[in-house]
Amino acid sequence: MTLPKVLTIAGSDSGGGAGIQADLKTFQELDTYGLSVITAITAQNTVGVQAVHPVSLNGLNDQLESVFTDIKVDAVKTGMLVSADYIQSISTYIRDYNVNKLVIDPVLGSTSGSELTKNEAIDELKNSLWPLATVVTPNLIEAARMLGWASINTVSEMEKAVYQLHEWGAKSILLKGGHLPGGESVDLLYDGHTLTHFPMKRIDQPHTHGTGCTLASAIAAGLAKGNSIHDAVSMAKDFVTCAIREGFSIGEGSGPLNHSAYRHRQ
Ligand SMILES: Nc1ncnc2c1ncn2[C@@H]1O[C@H](COP(=O)(O)OP(=O)(O)OP(=O)(O)O)[C@@H](O)[C@H]1O
Ligand SMILES: Cc1ncc(CO)c(N)n1
């Protein structure tokens, strides 16, 4: 027996809802084999991020070397990338080992406002990793920050943003509308030819910690299984929607999703 192999390069969330923990749960639920390279350890819970401890650059490189020299991964997903030198290293491995299914979730900060990838790293991300991506999945805040815009608040502003972000060389962009005001959360996928809207009635749910990580990981699992980007995104949207519907409370703040909800759906 064999399973498609999916690698996440991301930060650890001690609360278990986002980062590496969300990614590995998602890979498992989608019948793929999950591997992990950890960029940083975050001391985090449902209330916020209390501390960030990046692993050393040597520690990062050792993990990358161990995985890539032995295991042929089918797809890679990246999350929290810490700083420009970490991004440089990761880009080198992605290029040298011909990874051709790459999902970049350009995590810049947590919902509670902690910096998870340094602002100065945006240029490195844009120049070295972005052009290698099958898809980049910014939320509205990340997209606005990377474009140098004050904010993105409407679907027509989202359309303008997705076209501009596509010019930076990724095969496709999925701009997520989870933070859009109003009753709908629309995601836009642009692959250079077709713009696809994925509209979704907003689920009234306070427990949404880790939605972005979960969506990007589900896309990576779908790609690893040989699906097209459109089919992978469509499946990933169903996966995250089921998981959000069954989000639950584990502490004082915003709780995690239920990653097994998609498997148990009717
Ligand atoms: N309340 C909701 N109802 C339905 N779908 C949602 C809701 N919130 C987020 N989503 C969906 O979840 C996915 C993640 O979107 P979002 O914009 O929240 O990402 P993010 O901000 O990167 O996530 P995170 O909160 O993990 O940082 C998108 O597909 C979005 O449409
Ligand atoms: C480790 C980590 N990665 C990503 C996010 C964004 O949800 C988070 N809160 N924590």
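We count ligands from 1, going down the list as the structure has it; atoms in each ligand are counted the same way.
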> Nearest heavy atom to atom 13 (C) of ligand 1 wins, so pick from L215, I219, L257, T241.
L215
> Starting from atom 20 (P) of ligand 1, locate the nearest protein heavy atom and write down its residue, its atom name and how far away it is, to 0.1 Å.
N139 ND2, 3.6 Å
> Say whether S185, considering both its backbone and side-chain N or O atoms, lies within less than 3.5 Å of an N or O atom on ligand 1.
yes
> If a pair satisfies salt bridge (charged side-chain N to carboxylate O under 4.0 Å, His left out) and one of its residues is in residues 199-208, list it, with sequence neighbours excluded.
none
> Around atom 9 (N) of ligand 2, find the nearest protein heavy atom and jot down its residue, atom name and distance.
Q44 OE1, 2.8 Å
> Using a 4.0 Å cut-off to any heavy atom of G210, which atoms of ligand 1 qualify?
26 (O)
> Among all protein heavy atoms in this structure, tell me which lies nearest to atom 9 (C) of ligand 1, with the distance rounded to 0.1 Å.
G178 CA, 3.8 Å
> Under a 4.0 Å heavy-atom limit, does L116 contact ligand 2 with its side chain, its backbone, both, or neither?
side chain
> Check each atom of ligand 1 against the heavy atoms of K176 and keep those under 4.0 Å away; list them by number with element.
14 (C), 15 (O), 17 (O), 19 (O), 20 (P), 22 (O)
> Tell me whether T42 contacts the main-chain N or O of S12 through its side chain, where contact means a donor paired with an acceptor under 3.5 Å.
yes
> Linking I/L/V/M/F/W/Y whenever any side-chain heavy atoms sit under 4.5 Å apart, do I87 and L165 land together?
yes
> With a heavy-atom distance limit of 4.0 Å, tell me whether T214 approaches ligand 1 through its side chain, its backbone, both, or neither.
neither
> Looking at ligand 1, does any of its N/O atoms fall within less than 3.5 Å of an N/O of K237?
yes
> Closest non-hydrogen protein atom to atom 6 (C) of ligand 1, residue and atom name please, with distance?
I244 CD1, 3.5 Å
> Please check whether I203 reaches ligand 1 - meaning an N/O of the residue sits under 3.5 Å from an N/O of the ligand, judged on distance alone.
yes
> Looking only at protein heavy atoms, identify the closest one to atom 28 (C) of ligand 1 and say how far it is in Å.
D187 OD2, 3.2 Å
> Which residue from H209, H207, H179 reaches closest to atom 21 (O) of ligand 1 through any of its heavy atoms?
H179
> Using distance alone, with no hydrogens and no angle criterion, decide if D85 and S83 have a side-chain donor and acceptor under 3.5 Å apart.
yes
> Show the atoms of ligand 2 that are less than 4.0 angstrom away from any heavy atom in G11.
1 (C)
> Are a donor atom and an acceptor atom from the side chains of D23 and S217 found within less than 3.5 Å of each other?
yes
> Would you sort out whether H197 and L188 count as a side chain to side chain contact (heavy atoms under 4.5 Å, CB included), showing the intermediate values?
CA-CA 5 Å; H197 290 64; L188 299 186; 3.2 Å; yes
> Decide whether the shortest distance between a heavy atom of C213 and an atom of ligand 2 is less than 4.0 Å.
yes
> To which protein heavy atom is atom 27 (O) of ligand 1 closest, and what is the distance rounded to 0.1 Å?
T111 OG1, 4.0 Å
> Heavy-atom count around F68 CZ within 6.0 Å, excluding the residue itself: above 12?
yes
> In terms of heavy-atom contacts, does CD of Q28 have more than 12 from other residues, nucleotides or ligands at under 6.0 Å?
no
> Taking D74 for the side chain and A224 for the main chain, is one N or O donor matched with an acceptor at less than 3.5 Å?
no
> Please evaluate residues V233 and T196 with respect to the criterion side chain to side chain contact (heavy atoms under 4.5 Å, CB included), reporting the C-alpha separation (whole Å), side-chain torsions for both, the decisive distance (0.1 Å), and the verdict.
CA-CA 10 Å; V233 168; T196 310; over 6 Å; no
> Salt-bridge test for K225 and D231: reply yes if a basic N is under 4.0 Å from a carboxylate O, no otherwise.
no
> Please work out, at 4.0 Å between heavy atoms, whether the side chain, the backbone, both, or neither of T211 comes within that distance of ligand 1.
both
> Hey, does G212 come in under 3.5 Å of ligand 1, counting only N/O atoms on both sides?
yes
> Decide yes or no on side-chain hydrogen bond (donor to acceptor under 3.5 Å, both in side chains) for H259 and T214, but give the supporting numbers first.
CA-CA 8 Å; H259 288 87; T214 300; 2.9 Å; yes
